[in-house]
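Each remark here refers to the structure printed beneath this line.
Worth saying up front: this structure is predicted, and the values here are computed from it rather than measured.
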There are 2 protein chains.
Amino acid sequence: MTITEQSPDRPGFTPLYQQVRDLLLSRISTGAWRPAEALPSEHALAAALGVSQGTVRKALDSLAAEKLVERRQGKGTFVTLHTQESTQFRFFKLTFDSGERALPLCKESTITRRPAKDDEQKFLGLLSLAEVFAITRNRFAEDRPVLRETIIVSAELLQKLDTHQPLPNTLYMFYQAEYGISIASASERIKAVGADKDVAHALSVEVGAPVLLVERVAFDLTRRPIELRKSFYLTDSLHYTVNLG
Amino acid sequence: MTITEQSPDRPGFTPLYQQVRDLLLSRISTGAWRPAEALPSEHALAAALGVSQGTVRKALDSLAAEKLVERRQGKGTFVTLHTQESTQFRFFKLTFDSGERALPLCKESTITRRPAKDDEQKFLGLLSLAEVFAITRNRFAEDRPVLRETIIVSAELLQKLDTHQPLPNTLYMFYQAEYGISIASASERIKAVGADKDVAHALSVEVGAPVLLVERVAFDLTRRPIELRKSFYLTDSLHYTVNLG
DNA sequence: GAGTGGTCTAGACCACGCA
DNA sequence: GCGTGGTCTAGACCACTCT
């Protein structure tokens, strides 16, 4: 039984379970099931789609592997909800040198609306007259400044973002709850640079002091770029961790 | 049918496919099949182990997901062989700002044998009288120095490493070919620091210039620590990339 | 054509969560 | 006790590779 009919020998062959996967993903990303809601059971989906339970299972397993859904034995399959614990450690890989996970808190924050710059248009896929919100804030760990970050998002996509003040510590939970946008992946470029005047002041170091620059593009479920983030970390007492598998 | 007999209700339950997975992994790590060799077919393994082909498949799929084996339709399942292309980009995530992958080449290299320092003993799990090889080398991209790295390995485990000169650019291929040790994962700590005199000289920058410090512990198939590596990168024209999935 | 992994099915039974 | 996902099986057929 196939969903998109295809004769049984052409080259552009797509496995059934992947068609099911894509179908479920599109339903999730258009909000047919909201975060934290349960999907129908494997058995129900299989019956509804006219495929076997094993095929539905394979589709759901692949979504679970990408953390787009969570499966809980005995309960059901749920659309992933961004929570403090889960998201924080998935997208913010900062650790104190002692080994403890670090969660620097925002203390100062400004938000402005302005036309998008060229590179911002390019990375976010915006039109040339588009506007963006630019959030600049400093984060503290143990009462010391450790991070200065600037966040750029489309003003059209995240409407009235500037009316929500103060903005929460973890924006990704907020994007999901307020705008139905789930950040699913991100890619980062890391460099060591000397602090400029602005960064030096924010982090209480001298101009030229070595700081870690992390430039991030964050994507939603459909790999649409949502957010640009430029962070300067003071890595005296903490570090960025990476696991290569 | 179970491999390790277990009554069907106790808490410490291990799925059959995981027992098969562990068995195959232990055979691979002890060298029963060498890198690039084919494992027996699913059908043959299933018959030999007295389980169904679907169970063997699930075990092999999980090994393939961790890149410990590679599956090729129509050919067979092969123990992963570290090659220039595959390993290089898996463990060295360096990219030119232009977007091109960077493969800095070693130009200078020294190797010495000496007693292990305290932290080296700790991270590599060595005894207190153990000795290590320490390799220090500089790497160049486009005729400019971009990296100074120091590599620490157990002298007992990688015997006579110092007789192989010059050492190859990519050590992980060499560990596998020469010692049967496959690096399967690694974890890294990243900081921005000021160059000390030694690093500054090697990278042709001033003392105190910002450089990216990457400290790595690399593990074999059984997650035994094999190598300690401390790298200082000059990130003027290139950067470290991370994908958060 | 023979042999390999890849897909798909149907059904049995187990482990878990909850009422 | 029921419904959920998790494991395991047996077998059919498809896609790819090599001879």
Of residues 54-65 of chain A, the positions that come close to DNA chain D - non-hydrogen atoms, cut-off under 4.0 Å: A:Arg57

Given atom [atom1] of [X] and atom [atom2] of [N], what is their separation to the nearest angstrom?
{"X": "B:Leu16", "N": "D:dA10", "atom1": "CG", "atom2": "P", "answer": "11 Å"}
{"X": "A:Tyr17", "N": "C:dT9", "atom1": "OH", "atom2": "P", "answer": "13 Å"}
{"X": "B:Glu42", "N": "D:dC8", "atom1": "CD", "atom2": "P", "answer": "16 Å"}
{"X": "A:Arg21", "N": "C:dT7", "atom1": "CZ", "atom2": "P", "answer": "14 Å"}
{"X": "A:Gln53", "N": "C:dC13", "atom1": "CD", "atom2": "P", "answer": "15 Å"}
{"X": "A:His43", "N": "C:dA12", "atom1": "NE2", "atom2": "P", "answer": "13 Å"}
{"X": "A:Gln18", "N": "D:dA15", "atom1": "CD", "atom2": "C1'", "answer": "15 Å"}
{"X": "A:Phe78", "N": "C:dC16", "atom1": "CZ", "atom2": "C1'", "answer": "13 Å"}

ring-ring contact (aromatic ring centres under 6.0 Å, His included) involving B:His164 - partner list, sequence neighbours excluded: B:Phe174

Solution key, residues 58-67 of chain A side-chain donor-acceptor pairs under 3.5 Å, sequence neighbours excluded:
unit_1, atom_1, unit_2, atom_2, d
A:Asp61, OD1, A:Arg71, NH1, 2.8
A:Ser62, OG, A:Ala59, O, 3.2
A:Glu66, OE2, A:Arg21, NH1, 2.4

Salt bridge (charged side-chain N to carboxylate O under 4.0 Å, His left out) contacts in which one or both residues fall within residues 167-179 of chain B, not counting sequence neighbours: none

Geometric class of the B:His82/B:Tyr172 ring pair [parallel <30°, tilted 30-60°, perpendicular >60°]: tilted

Any side-chain N or O of [X] under 4.0 Å from OP1/OP2 of [N]?
{"X": "B:Thr77", "N": "C:dG5", "result": "yes"}
{"X": "A:Ser41", "N": "D:dT4", "result": "yes"}
{"X": "A:Arg71", "N": "D:dT4", "result": "no"}

Between N or O atoms, less than 3.5 Å apart, protein on one side and nucleotides 17-19 of chain D on the other: list the pairs.
unit_1, atom_1, unit_2, atom_2, d
D:dC18, OP1, B:Lys75, NZ, 3.1

Geometric cation-pi criterion A:Arg224 and A:Phe123, 6.0 Å radius, 45° cone: no

Lys/Arg cation over aromatic B:Phe140: B:Lys107, 6.0 Å, 45° cone: yes

With sequence neighbours excluded, residues passing salt bridge (charged side-chain N to carboxylate O under 4.0 Å, His left out) with A:Glu156: none

Pair B:Thr55-B:Ser52, side-chain donor/acceptor within less than 3.5 Å: yes

Carboxylate-amine/guanidinium proximity below 4.0 Å for B:Glu149 and B:Arg229: yes

